[in-house]
Amino acid sequence: MKHHIRQLIAEALEQARSAGDLQYDSELDIVVEKPKNEGQGDFSTTVALILAKSQKKNPRAVAESIRKYLPSGNSEVASVEIAGPGFINFTMTREFFLSRLKDIPRQGDRFGNVNVGKNEKVLLEFVSANPTGPLHIGHGRGAAVGHSLSLLLKRAGFAVETEYYVNDVGNQMNNLGRSTWLRYRELLGEAIEFPDDLYRGEYVKGTAQEIIDEKGKEFLGKSEEEVLPFFRKFASDSILNGIREDLNVFGVTFDRWFSEGSLYEGDRVAKAVDWLKDKGYVYEKDGAVWLRSSDFEDEKDRVLVKQTGERTYFCSDIAYHKDKVDRGFSKIIDLWGADHHGYVPRMQAVLEAMGYSKDVFKVLLVQFVTLVRGKEKVSMSTRSGEFITLAEVLQEVGVDAARYFFLMRSSDTHLDFDLELAKEEAPENPVFYIQYAHARICSIFRNAGESGLTVPGPEEVDLSVIEEADAFSLIQKMLALPEVIEKSALAFEVHRVPHFLHDLVSEFHSYYAKHRVVSEDRSLSLARMFLLNCVKTTIANGLSIMGVSAPDKM
RNA sequence: GCGCCUGUAGCUCAGCUGGAUAGAGCGACGGACUUCUAAUCCGUAGGUCGCAGGUUCGAGUCCUGCCAGGCGCACCA
């Protein structure tokens, strides 16, 4: 919608320039926005204010020379006015909004989609929690944000693929196997002193019990070397399955589960290192192999191969990201927990060392989640292995509330997740507030159906009977969805979607309270049903980005 | 000590690439159900946008310094 206005302005500017009224050469960024206050029109632009300086004229005069070339008094633009220091305000006709409103049912569940992505291949990696324990609440936020971001980017026209990187090699896997082995023996009656540096969580006992159930005591008496491969594999498989299950329940799926171990097949890790070596970014020192990451923005060089000959995690991560690039993605997005932010510069350095421009690779950091119950903080201590799992939260508050709460704040602020509020089926709970609007509209339609009324199609409906100002405000709000999707996708900011929905729904509830939809006036009833059907579609599309259901009945 | 994120109403947070009079929810207070779902609506109160400078026609938004909180600063993953 704003694009349309922007187009009008661009044309007027061009005419003003060729007529010699204005001189400028650079591409102008034309900002169109919706004025906050009554009486300032439906759209407004600041181009005149921005141009004024280079024109060495006062902004109002610049505005006037633009306005000369702007259409007005036609079927779309009712009037164009200059206000304040030099704003150009557009007032649109009702027909303009009503005809655009009809696009909503025509587009249905595609309404809101845009094509700023131009089908660009994007790889979005998120969660990627190590298979050494169940997903906790922090992973939940990453999962919700990542998955919704992928849905958002798709709606914005990007060709997105999602991926979970499974860190299934390395010392941590041995530790997990060892932990399980110890618990196994403990459960079978042995007295065990459990070391601090192993995984102490309860779930390890669960895994050990599974082994007992399946295999009985057959490992007892054997050496650790003998049994470790089995325990390691069994435990990580079991945990990874659990993670998959939790994510399924949460409605989060991935296009690909990428195994770190698979990088070692065919020596892909070594090849990636060699490749960087050829470019002169790798050297040996103190018996270790280093990447000269300080040539880029990293503060120091990083070890790729330890003195022991083992490769670091960073090393396989290089191979992994090289693989991503090799697969033809022109945009690579990683979603990490904020505690990994120190890792960003070195990964950035890798991509640059590989010769890619900085904006190919983007790390999005998701800040921590604090669980609260009303006023009380729910304490979590990772050290003891006692943390709140995602599964527990889902059990308590449900998928919809959890997804909404994870998404409603900007990812780079800490999130207070109020369990008490999330599970409340009350107006204070924003998820229910929005879902209720959808259900309410469905309910109105059911009711109208009893009077023989069904929602009319865009070709048959007569919208001229809609005159209320708040209906037009509602319409403008709905028609903003494409812009919301475009902007939040380009900024990678999913939280704008729930904010948009909350605003929209609030206008709907208010409209509902003031105007009766189904009345004796048949054509007015039909027109309003059409309007509400558009609201319903807009809500449903917004909720679908968040992975929150849009119920017909509550 | 260095780096990243954050500081906006009592609480939790929006504020889109700087734009017209800083917004919402919760909480508080006061109203509205014989009427399509009151899981809703309407109204009132509540702010030196952490502090101090700077940039400019204009700053919550950009720059510098300081203060406070969170998180990092491994030949761990």
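Atoms considered below: every heavy atom in the structure, side chains included; atoms not considered: hydrogens, waters and symmetry mates. Just so we're on the same page: letters track the sequence lines, and every chain starts at 1.
If you take atom C1' in B:U61 and the same atom in B:G15, they sit 9 Å apart, rounded to whole Å. Atom C1' of B:C13 sits at a distance of 9 Å from the matching atom of B:U8, rounded to the whole Å. With C1' as the reference atom, B:C16 and B:A24 are 16 Å apart, rounded to whole Å. Rounded to a whole angstrom, the distance from the C1' atom of B:G23 to that of B:C49 is 12 Å. The gap from the C1' atom of B:A59 to that of B:C11 amounts to 27 Å, rounded to the nearest Å. Here, B:U6 and B:U17 have their P atoms 13 Å apart, quoted to the whole Å. For the P atoms, the distance from B:A32 to B:A38 is 16 Å, rounded to whole Å. The same atom, P, is picked in B:A68 and in B:C51; the two are 15 Å apart, to the nearest Å.
Here A:Val31 lies in heavy-atom contact (under 4.0 Å) with a base. At a threshold of 4.0 angstrom between heavy atoms, the contacts of A:Ala491 with the nucleic acid are absent. Backbone-only engagement by A:Glu299 is indicated by non-hydrogen atom pairs under 4.0 Å involving sugar-phosphate atoms exclusively. Across all strands, A:Tyr343 comes closer than 4.0 Å to base atoms (heavy-atom distances). Across all strands, A:His438 comes closer than 4.0 Å to no nucleic acid atom at all (heavy-atom distances). Counting any heavy atom pair closer than 4.0 Å across all strands shown, A:Ser443 reaches a base atom. Using a 4.0 Å heavy-atom criterion, one finds that A:Ala338 contacts the sugar-phosphate atoms exclusively.
Tested against A:Asp503 for a salt bridge (charged side-chain N to carboxylate O under 4.0 Å, His left out), the candidates A:Lys477, A:Lys34, A:Arg496 yield a single pass: A:Lys477.
Proximity of the aromatic rings of A:Tyr164 and A:Phe258 is defined here by a centroid distance below 6.0 angstrom, and this criterion is not met.
For A:Phe368, the listed nucleotide lying nearest its side chain is B:C71; candidates were B:A24, B:C71, B:C75. Picking from B:A39, B:A38, B:C76 the nucleotide with the shortest atom distance to the side chain of A:Tyr512 gives B:A38. Which of B:A14, B:U12, B:C75 sits closest to the side chain of A:Asp416 comes down to B:U12. Side-chain atoms of A:His499 lie closest to B:C13 of the nucleotides B:C13, B:C71, B:C75. Ranking B:C5, B:C13, B:C36 by closeness to the A:Asn447 side chain, first place goes to B:C36. Nearest to the side chain of A:Ser410, among B:A14, B:A20, B:C75, sits B:A14. Closest approach to the A:Glu493 side chain among B:G15, B:U17, B:A14 is made by B:G15 (side chain taken as heavy atoms from C-beta onward). Residue A:Lys36 places its side chain closer to B:A20 than to any other of B:A14, B:U12, B:A20. Nearest nucleotide to the side chain of A:Asp286, out of B:U6, B:C75, B:A20: B:C75. Of the candidate nucleotides B:C71, B:U21, B:G19, B:G19 has the atom lying nearest to any side-chain atom of A:Thr46.
Comparing A:Ile88 and A:Val32 by the nucleotide of RNA chain B that holds the closest heavy atom to each, the one mapping nearer the 5' end is A:Val32.
A donor-acceptor contact closer than 3.5 angstrom links the side chains of A:Gln435 and A:Asp400. With no hydrogens or angles considered, no side-chain donor-acceptor pair links A:Tyr512 and A:Arg528 at under 3.5 Å. Using modelled atom types and a 3.5 Å distance limit, the side chains of A:Glu33 and A:Ser44 yield no donor-acceptor pair. A donor atom on one side chain and an acceptor atom on the other are not found under 3.5 Å apart for A:Asp286 and A:Gln307.
Under the 3.5 Å distance criterion, the side-chain polar atoms of A:Thr312 are matched with a main-chain donor or acceptor of A:Cys315. In this structure, A:His502 contributes its side chain and A:Pro430 its backbone to no donor-acceptor pair below 3.5 Å.
Base pairing of B:A39: no nucleotide in any strand meets the Watson-Crick or G-U wobble criterion (both distances under 3.5 Å). Applying the Watson-Crick and G-U wobble criteria (two distances, each under 3.5 Å), B:G65 pairs with B:C51. Pair assignment for B:A22 gives none, since no Watson-Crick or G-U wobble pairing has each distance under 3.5 Å. Across all strands shown, B:A28 forms a Watson-Crick or G-U wobble pair with B:U44, both key distances being under 3.5 Å. Nucleotide B:C4 forms a pair with B:G70, judged by Watson-Crick or G-U wobble geometry with both contacts under 3.5 Å.
Evaluation of atom-type donor-acceptor distances gives no pair under 3.5 Å for the side chain of A:Thr312 against the base of B:A77. Side-chain N/O atoms of A:Gln172 and base N/O atoms of B:A77 include no donor-acceptor pair closer than 3.5 Å. Applying the 3.5 Å distance criterion, the base of B:A20 shares a donor-acceptor pair with the side chain of A:Asn89.
Aromatic stacking of A:Phe87 on B:G19: not satisfied for centres closer than 5.5 Å together with planes under 30 degrees. With its ring centre under 5.5 Å from that of the base six-membered ring and a plane angle below 30°, A:His340 counts as stacked on B:A77.
Taking the O4'-C1'-N9-C4 or O4'-C1'-N1-C2 dihedral as appropriate, B:C11 has a value more than 90° from 0 and is therefore anti.
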